[in-house]
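Some notes on the structure that comes next.
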Amino acid sequence: MTVQIPFDNSYARLGPGFYTKQLPEPVRAPRLIAFNQSLAALLQVGTGDLQEMAEIFGGNQTPQGAEPLAQAYAGHQFGNYNPQLGDGRALLLGEVLGTDGKRYDIQLKGAGRTAYSRQGDGRAWLGPVLREYVVSEAMHALGVPTTRALAAVATGETVWREGGLPGAVLTRVASSHLRVGTFQLFAARGEIEALKTLTTYAIARHYPQAQGPMGLLRAVRDAQAGLIAAWMSVGFIHGVMNTDNCAISGETIDYGPCAFMDAYSAEQVFSSIDRMGRYAYSNQPSIAVWNLAQLATALIQQLDEPQAAVEEATAIIHAMPSLIEAEWLRLFRRKIGLSAVMSGDLELVSDLLQRMAEGRADFTNTFRALSDGGAREEFDDPTVYDVWHAQWMQRRANEHGSEALMQRCNPVYIPRNHRIEEMISAAVSGDFSLFERLNRVLATPFSAQEGESDLRRSPASNEVVRATFCGT
Ligand code: AMP
Ligand code: MG
């Protein structure tokens, strides 16, 4: 049986300025580590025998209909503009239409050098590949918009980082890989025709109801506002919110140094290269606004009367913080079991978070424990919680069914950093059982599962992960 993928490519039609054609570089001994059957069904991707699948998703065989290419883009990294980034270690194989009628990119990450690799080797090692597989699928199960993982393949080759590490390739699926940085590339170069083509393409692909560049800006704003609020609601820190990692679709993209926090802290940073805390947990809303402003700057270049558009764009951007806050409040209200909207709710949620920071309470476990009465035990000093609890009880007097509501939106399981690290070390020595277990348990994160309570536990002091690294 051969693997059939019903490609229906559109990005490749945009023309050579948008990408560089590139075949994956073959690998020595590809072996399929994971394959996401339910996602494959959604994408109408057929399966074949294991070896053939390893050859395809490891990059040794190009499936019929694929048109592998590296996408060009630019972007602001930590606030500094880099005029030339692009897929340095990823290749778009092509697009498919899902059974849901949506269009999806299928991309190999770690498939070898491209025109945009600069000093890089175009490869990925097993750690970041498994990390992205587990965390992106967990995000999906948590209901957060995200790219997804279709397959992971071990290459049988060594990748050189600080030492030799096992190589791997991830098959990433996204509703597109268009980024703020894709628009910046053409705008900064003054390639206005290409910028117009890209804008028309992005509107048709993602927001067909949007009118013109400012309509696109508004649609991206709304999608990003929802995304950032969703991150905040599960304690997720992206870690590298550069404009090239900010997807027009509003999906979470680039699982490099990302992490879920254990103990709540608004200033939490994990990424080893984020020394100034630019992408700290509580900075994420303002960085998203900053990124949207970069998109606005790029989009405006194509307008005949840019001056008039500046006013409109400014209004669109200025509305973003309150949109994020409104969505944030809607999500956190649910997290504390409130369905009615009342003044004072924002203060009530903020007060809880403040106390959690003071009491070093675990973010995930505290919210979950609100529905089973164990929340106070999460605090160093439980009396810090008790004061809040009394106010909360008062506020809940007229609410019904709030336990069930809380259990639907406060997960039992998140991909905790110490488990991810444990999973990676085991996998490097050939044991994939924790990888498989995490995938299984995190697929239904809102229900407690028999025999899996250790995955709920916050890290012991010797297990705490303090720094995460970019996924290279
Ligand atoms: P990231 O930090 O993952 O967003 O990557 C930033 C840029 O570096 C992108 O253009 C990547 O394609 C490129 N890059 C990252 N790792 C590698 C690698 N191992 N080889 C080539 N390019 C890379
Ligand atoms: Mg990136």
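Note that ligands are numbered from 1 as they come in the structure, with each ligand's atoms numbered from 1 the same way. FYI, side chains are in, hydrogens and waters are out, and symmetry mates aren't considered; it's all heavy atoms of this structure.
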Return a yes/no value for [X]: is any of its N or O atoms, backbone included, closer than 3.5 angstrom to an N or O of ligand 1?
X: Gln77; result: no
X: Gly120; result: no
X: Val240; result: no
X: Asn245; result: yes
X: Asp121; result: yes
X: Cys470; result: no

Is it the case that more than 12 heavy atoms not belonging to Gln209 sit under 6.0 Å from its CD atom? yes
Side chains of [X] and [Y], donor plus acceptor under 3.5 Å:
X: Tyr11; Y: Ser176; result: no
X: Asn291; Y: Gln224; result: no
X: Thr182; Y: Gln71; result: no
X: Ser433; Y: Asp431; result: yes
X: Thr147; Y: Tyr255; result: no

Give a yes/no on ligand 1: does Gly256 have at least one heavy atom closer than 4.0 angstrom to it? no
Min heavy-atom dist Arg113 to ligand 1 below 4.0 Å: no
Identity of the nearest option to atom 10 (O) of ligand 1, non-hydrogen atoms only, from Gly75, Ala90, Gly86: Gly86
Looking at Lys109, Arg89, Arg161, Arg123, the heavy atom closest to atom 15 (C) of ligand 1 belongs to Arg89
Which ligand 1 atoms does [X] reach within 4.0 Å, using its non-hydrogen atoms?
X: Tyr73; answer: 9 (C), 10 (O)
X: Gly122; answer: 18 (C), 19 (N), 20 (N), 21 (C)
X: Asp254; answer: 1 (P), 3 (O), 4 (O)
X: Asp244; answer: 4 (O)

How are the rings of Phe35 and Phe57 set to each other: parallel, tilted or perpendicular (split at 30° and 60°)? tilted
Sequence neighbours excluded, which residues qualify as salt bridge (Lys or Arg N to Asp or Glu O under 4.0 Å) partners of Glu55? none
Those residues at least two apart in sequence (or on a different chain) that pass ring-ring contact (aromatic ring centres under 6.0 Å, His included) with His206 are none
Counterpart residues, ring-ring contact (aromatic ring centres under 6.0 Å, His included), relative to Phe446 (two or more places apart): none
For the Mg ion (ligand 2), protein N, O or S atoms at a distance below 2.8 Å amount to 2
Run through Leu295, Leu217, Val220 and flag the one making a side chain to side chain contact (heavy atoms under 4.5 Å, CB included) with Ile316. Leu217
Indicate yes or no: does Arg416 engage Glu463 in a salt bridge with an N to O separation below 4.0 Å. no
Should Phe18 and Tyr201 be marked as a ring pair (Phe, Tyr, Trp, His ring centres under 6.0 Å) after you check the CA-CA gap, both sets of side-chain angles, and the distance that decides it? CA-CA 12 Å; Phe18 292 84; Tyr201 178 80; 8.1 Å; no
